[in-house]
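Below: the structure, in C-alpha cells.
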Amino acid sequence: MTDQTQQFASDNYSGICPEAWAAMAEANRGHERAYGEDQWTARASDHFRQLFETDCEVFFAFNGTAANSLALASLCQSYHSVICSETAHVETDECGAPEFFSNGSKLLLARTADGKLTPDAIREIALKRQDIHYPKPRVVTLTQATEVGTVYRPEEVRAISQVCKELGLNLHMDGARFSNACAFLGCSPAELTWKAGVDVLCFGGTKNGMAVGEAILFFNRDLAEDFDYRCKQAGQLASKMRFLAAPWVGLLQDDAWLHYGNHANACAQLLAELVADVPGVSLMFPVEANGVFLQMSEPALEFLRAKGWRFYTFIGAGGARFMCSWDTEMDRVRELAADIRAAMGA
C-alpha cells in the first residue's frame with residue numbers, strides 16, 4: 001500500500017471535495033477585500049443563516065481546537081467551569097486549549113454511557129458544590145457526533161437545554177461531525193441546535209471535505225460580543241478570509257455537506273454489517289455516524305497492521321476505531337472487512 005491508499009484511521013486523512021475545491025478556485029480570481037470584508041465571507045454567512053433558519057452571528061476559524069476553545073472562552077470567565085463528558089474532544093484531544101484561551105476555566109468531567117451527557121449527570125456536577133472555593137459551572141458542551149460515534153437526538157438536546165436554563169448555564173455544541181449527525185437523524189440543522197436550545201455551535205468542515213476551516217455560529221447573538229476581537233488576538237482572523245469562507249459556499253449551496261455526511265455514514269454502516277457475524281469481533285458502540293469501534297484480539301490488530309491498515313486504538317485494550325470519510329470507496333470498505341475476517345480466521 002502506498003501513502004495515498006485510502007485508510008480508516010481518521011476522516012482527516014481525506015482530501016478536499018470537488019465543491020470546496022471549485023469554490024476556492026473561483027475565489028482565487030482577482031482581488032478581494034481582506035479580513036472578512038469580502039463577498040465570499042458574506043455569502044457563506046448568509047448560507048449558514050438560510051440553512052439554520054435564523055439570523056445567527058457567523059465567524060470562521062482555521063481548526064476545531066481554536067473554534068471550540070474560543071467559543072467556550074467567550075462563554076466563561078476564568079473562575080468558571082465547563083461541564084463535559086469524560087470522552088469529550090475538548091477534554092481528550094485539545095491539549096488544554098479550552099483552559100488556555102479562557103485563562104483557566106476548569107473542565108468538569110461527567111461519566112457517560114456511549115459518550116453522551118445526560119441531564120442527571122449535568123445536574124449532579126453543577127450542584128455538587130456551590131461555595132466560592134470551587135469553580136462556578138457556567139457552560140455545558142456536547143460533542144455531536146460524540147467521540148465514540150453516537151449521536152444526540154433533538155429530544156436529548158432539549159432535555160439538556162432545559163437543565164441548563166434551570167441552572168443558568170450556556171449550551172455549546174462541538175459539531176466537528178455535525179454533518180454526520182444531521183445525516184443520521186434526518187432532521188434539520190435548526191432542529192438539532194437552536195430550536196433545541198443550543199446557544200453556540202462549532203460546525204466542522206475539515207472532516208467533511210474541506211482543507212481547513214470551521215464555522216462558529218452564535219444563535220444567542222448577545223454571547224458573540226467582541227468575538228471578532230477574540231479571534232484576532234488568538235491568530236484566527238485570516239487576512240485572506242475568502243479562502244476559509246469560499247469552501248463553505250461550495251459545501252452549503254447545493255447541500256453537498258449533507259450528501260457527504262450521508263455517504264460517510266453509509267460506509268460505516270456497511271463495515272459494521274460486513275463484520276457483524278465474525279466470531280471474536282464485536283461493536284463497542286452503536287454505529288450512528290461515520291465511525292466504527294470494534295473489539296477484537298491484539299493478534300488480530302497486529303495482523304491488520306501488517307497488512308498495511310492504519311487505525312487508532314485509543315479507546316482501550318482490544319478496541320480499534322475505523323473512520324469513514326466523504327470520499328471513502330465502498331470497495332475499500334469491503335477490502336477492510338475481508339481482512340478483518342481473515343485476521344479472526346473466519
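Reckoned from all heavy atoms, side chains included, excluding hydrogens, waters and symmetry mates. Numbering of residues begins at 1 and proceeds along the displayed sequence.
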Original post:
Looking at A9 and Y312, what are the two nearest heavy atoms and their distance?
Top reply: O-CD1, 3.2 Å
**OP:** Check the surroundings of atom CD in E302: do more than 12 heavy atoms from other residues, nucleotides or ligands lie under 6.0 Å from it?
**Re:** yes
Subject >> Within residues 38-47 or reaching into it, pairs that qualify as salt bridge (charged side-chain N to carboxylate O under 4.0 Å, His left out) - sequence neighbours excluded >> reply: D46-R49
Original post:
Are the side chain of N63 and the backbone of A66 linked by a donor-acceptor contact shorter than 3.5 Å?
Top reply: yes
Original post:
Please, which pairs that meet side chain to side chain donor-acceptor pair (under 3.5 Å) have at least one residue in residues 83-92, sequence neighbours excluded?
Top reply: S85-T87, S85-T112, H89-E147
**OP:** Tell me, please, which residues at least two apart from E124 pass salt bridge (Lys or Arg N to Asp or Glu O under 4.0 Å).
**Re:** none
Subject >> For M173, the option from V200, D199, V157 that meets side-chain contact (heavy atoms from CB on, under 4.5 Å) >> reply: V157
**OP:** For I132, enumerate each residue passing the side-chain contact (heavy atoms from CB on, under 4.5 Å) test, keeping only those at least two apart in sequence or located in another chain.
**Re:** none
**OP:** Go through the structure and list residues passing side-chain hydrogen bond (donor to acceptor under 3.5 Å, both in side chains) with R33, not counting sequence neighbours.
**Re:** none
Compile the donor-acceptor pairs under 3.5 Å between side chains in residues 238-249 and protein atoms, sequence neighbours left out, one pair per line.
| from | atom 1 | to | atom 2 | distance (Å) |
| --- | --- | --- | --- | --- |
| R242 | NE | A27 | O | 3.0 |

Original post:
Of all residues at least two apart in sequence or in a different chain, which pass the side-chain contact (heavy atoms from CB on, under 4.5 Å) check with P286?
Top reply: D114, T150, E288
For residues 188-195, which side-chain N or O atoms pair as donor and acceptor with protein atoms under 3.5 Å away, sequence neighbours left out?
| from | atom 1 | to | atom 2 | distance (Å) |
| --- | --- | --- | --- | --- |
| S188 | OG | E191 | N | 3.1 |
| S188 | OG | E191 | OE1 | 3.4 |
| E191 | OE1 | S188 | N | 2.8 |
| T193 | OG1 | P189 | O | 2.6 |
| W194 | NE1 | F52 | O | 2.6 |
| K195 | NZ | E53 | OE1 | 3.2 |

Original post:
Where do A23 and W40 come nearest, in terms of heavy atoms and distance?
Top reply: O-CH2, 4.0 Å
**OP:** State, with a plain yes or no, whether a side-chain heavy atom of V82 is found less than 4.5 Å away from one of L108.
**Re:** no
Subject >> Residue pairs, two or more places apart or on separate chains, that pass salt bridge (charged side-chain N to carboxylate O under 4.0 Å, His left out) and touch residues 212-239 >> reply: D55-R221, E57-R221
Subject >> Closest non-hydrogen atom pair between L51 and W257, with its separation >> reply: CD1-CZ2, 3.8 Å
Original post:
Aromatic rings F322 and F311: how do their planes relate, parallel, tilted or perpendicular, breaks at 30° and 60°?
Top reply: tilted
Original post:
So which pairs with a foot in residues 6-20 pass salt bridge (charged side-chain N to carboxylate O under 4.0 Å, His left out), sequence neighbours left out?
Top reply: D11-R177
Original post:
By side-chain hydrogen bond (donor to acceptor under 3.5 Å, both in side chains), which residues pair with N265, not counting sequence neighbours?
Top reply: N180
Original post:
Any donor and acceptor pair, going by atom type alone, linking the side chain of T328 with main-chain N or O of C324 inside 3.5 Å?
Top reply: no
Original post:
Is the shortest heavy-atom distance from the side chain of K207 to the side chain of W326 under 4.5 Å?
Top reply: no
For residues 134-142, run the donor-acceptor check on the side chains, cut-off 3.5 Å, and write out each pair with its distance to 0.1 Å, sequence neighbours left out.
| from | atom 1 | to | atom 2 | distance (Å) |
| --- | --- | --- | --- | --- |
| R138 | NE | H80 | NE2 | 3.4 |
| R138 | NH1 | G168 | O | 3.4 |
| T141 | OG1 | H172 | ND1 | 2.7 |

Subject >> Side chain T143, main chain A145, donor-acceptor under 3.5 Å >> reply: no
